[in-house]
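The structure under discussion appears below in the form of structure tokens.
One-based numbering, in listed order, for ligands and for the atoms of each. Because the structure is predicted, anything quoted here is derived from the model rather than measured.
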Amino acid sequence: MKAYDGMYIDGAWRPAAGPDVIEVVNPADEQVIATVPAGTAEDVDAAVRAARAALPAWAATPPAERAARLAALRDVLAARQDEIAGTVTAELGSPPKLSQAVHAGVPIAVAGSYAELAAAYAFEERTGNSTVLHEPVGVVGAITPWNYPLHQIVAKAAPALAAGCTIVVKPAEDTPLVARLFAEAVHEAGIPAGVFNLVTGLGPVAGQALAEHPGVDLVSFTGSTAVGRRIGAIATGMVKKVALELGGKSANVILPGADLARAVNVGVANVMSNSGQTCSAWTRMLVHRDQYDEAVELAATAAAKYGDRIGPLVNAKQRDRVRAYIEKGVAEGARLVAGGPESPRERGYHVSPTVFADVTPEMTIAQEEIFGPVLSILRYEDEEDALRIANGTVYGLAGAVWAGDEAEAAAFARRMETGQVDINGGRFNPLAPFGGYKQSGVGRELGVHGLTEYLQTKSLQF
Ligand code: NAP
Ligand code: MG
């Protein structure tokens, strides 16, 4: 057990203003592995002041120099990849291979992409008799969740820094340790004091204080739709800019000409990865009625193969929430073909990989974000029916389409109300914009679209 007592503010680890701490628990064995300070409004104020003070110099730093600092940051993250992966496994419970490849690997790629974008982006352009300047928005307040704890910090901090903004991050209470590692990496990379600040603490205390702070110009939030709605209201009321990356209930649409076995197996893997704690997971599989029984059998077999190797959920509350959804699915008449509400292990917050068949579009498990290893398989009659079901939720974050050829899949994808679609198993692209249609959010992260979220324009007429 390690008791950490500092927060990274103005380039140094400073003691918290108050005495409260947060216990960090390993969800695989339920042991307390560390404590971190529970920051208060006072700590948030110190961090925002530091960010404000650092803003003029960082905003005026030539983009090539900002790019060099981001490249150094990428290199530190790469050098510390094993330590990062081990930390995420300890506080989130994700299997070591996933922690290496995704939780530690993706942030390296994203930091690298912003090192390149900062160097290449045209921060000035000409239009008619005007010069348009793309200037930093100012001080960013970032509130991040636990499901991809480092990625979600880097997806905000890297573009903010590339744009010339300074930032205060409030990470999720469940995963503050990798956030601390990131602050160390920022320090090692030679990023000036006050440009990046970290305040650990509880959402309704430190998170709320950050969203409400008048010294914050842009609030960037990733998490639940319920909290996102509150943050959006606070930010809008204070005329701050706001970016919200919220929940999803994405559809994996398997058209009749597709390679069914591949589409089902990749679909199941997508939902079970990270124990289903992925906002963009394809938690609804849509299959044509003629192939339905075969798909259900394939999915049940695929899910059973995962056994209890998927890792626990992040905490007891999430486990209980997911089990309640599974019970609700049974109660509403869906047919369990793999898994179920019983805990597969005595210790740790585990839930079995679960698959429901005979799910209809209006059922709770087909509408609400479960955030656990639970797949719902729905039957469609024809393509129009599939489209109606796919678009029939309040969310629109991601999705997948499988067909005999890419053009057919892409034609269907164009009609989907969602921010990202993988065509016949397309690969993750860290440069592609990520974000939601409808209630899945406001704004985009990653790539050049993620950078422009942190810029505002000024035009000079000549
Ligand atoms: P959450 O409460 O929305 O947490 C996200 C972040 O917001 C955390 O840093 C949290 O702090 C903070 N927060 C909470 N209440 C706040 C408030 N009143 N003001 C400012 N910040 C606040 O999400 P959760 O409770 O951890 O998870 C609940 C559900 O949200 C999940 O089951 C899932 O459906 C969804 N979720 C979605 C995503 C996504 O990527 N879209 C990620 C995580 C969760 P604390 O850590 O202290 O709560
Ligand atoms: Mg919470």
- Specify whether Trp402 and Trp282 have parallel, tilted or perpendicular ring planes, treating 30° as the upper limit for parallel and 60° as the lower limit for perpendicular. perpendicular
Could you tell me, atom by atom, which parts of ligand 1 come under 4.0 Å of a heavy atom of [X]?
X      : answer
Gln152 : 40 (O)
Ala172 : 9 (O), 46 (O)
Gln318 : 27 (O), 28 (C), 31 (C), 32 (O)
Gln208 : 18 (N), 19 (N), 20 (C)
Pro145 : 42 (C), 43 (C)
Thr222 : 5 (C), 40 (O)
Ile231 : 20 (C), 21 (N)

- Task: Compute whether any side-chain donor of one residue and acceptor of the other, for Thr360 and Glu362, lie under 3.5 angstrom apart.
- Result: yes
- Is there a donor in the side chain of Glu332 and an acceptor in the side chain of Thr364, or the other way round, less than 3.5 Å apart? yes
Under 4.0 Å, heavy-atom basis, I'd like to know which part of [X] is in contact with ligand 1: side chain, backbone, both or neither.
X      : answer
Phe221 : side chain
Thr144 : backbone
Thr278 : neither

Check: [X] N/O within less than 3.5 Å of ligand 1 N/O:
X      : answer
Leu202 : no
Trp146 : yes
Cys279 : no

Can you check which of [options] brings a heavy atom nearest to [atom]?
atom                    : options                : answer
atom 16 (C) of ligand 1 : Ile370, Val227, Val322 : Val227
atom 19 (N) of ligand 1 : Gly203, Gly223, Ala179 : Gly203
atom 46 (O) of ligand 1 : Glu173, Glu368, Gln277 : Glu173

- Task: Spell out, as yes or no, whether a donor-acceptor pair under 3.5 Å connects the side chain of Thr87 to the backbone of Glu83.
- Result: yes
- Task: Give a yes or no answer on whether the side chain of Thr418 reaches the backbone of Ala398 with a donor-acceptor pair at less than 3.5 Å.
- Result: yes
- Item | side chain to side chain contact (heavy atoms under 4.5 Å, CB included) between Val21 and Val36, intermediate numbers included | CA-CA 5 Å; Val21 298; Val36 298; over 6 Å; no
Does the distance from a Lys or Arg side-chain N to an Asp or Glu carboxylate O, for [X] and [Y], drop under 4.0 Å?
X      : Y      : answer
Lys317 : Asp320 : no
Glu417 : Lys438 : yes
Asp10  : Arg49  : no
Glu453 : Lys156 : no

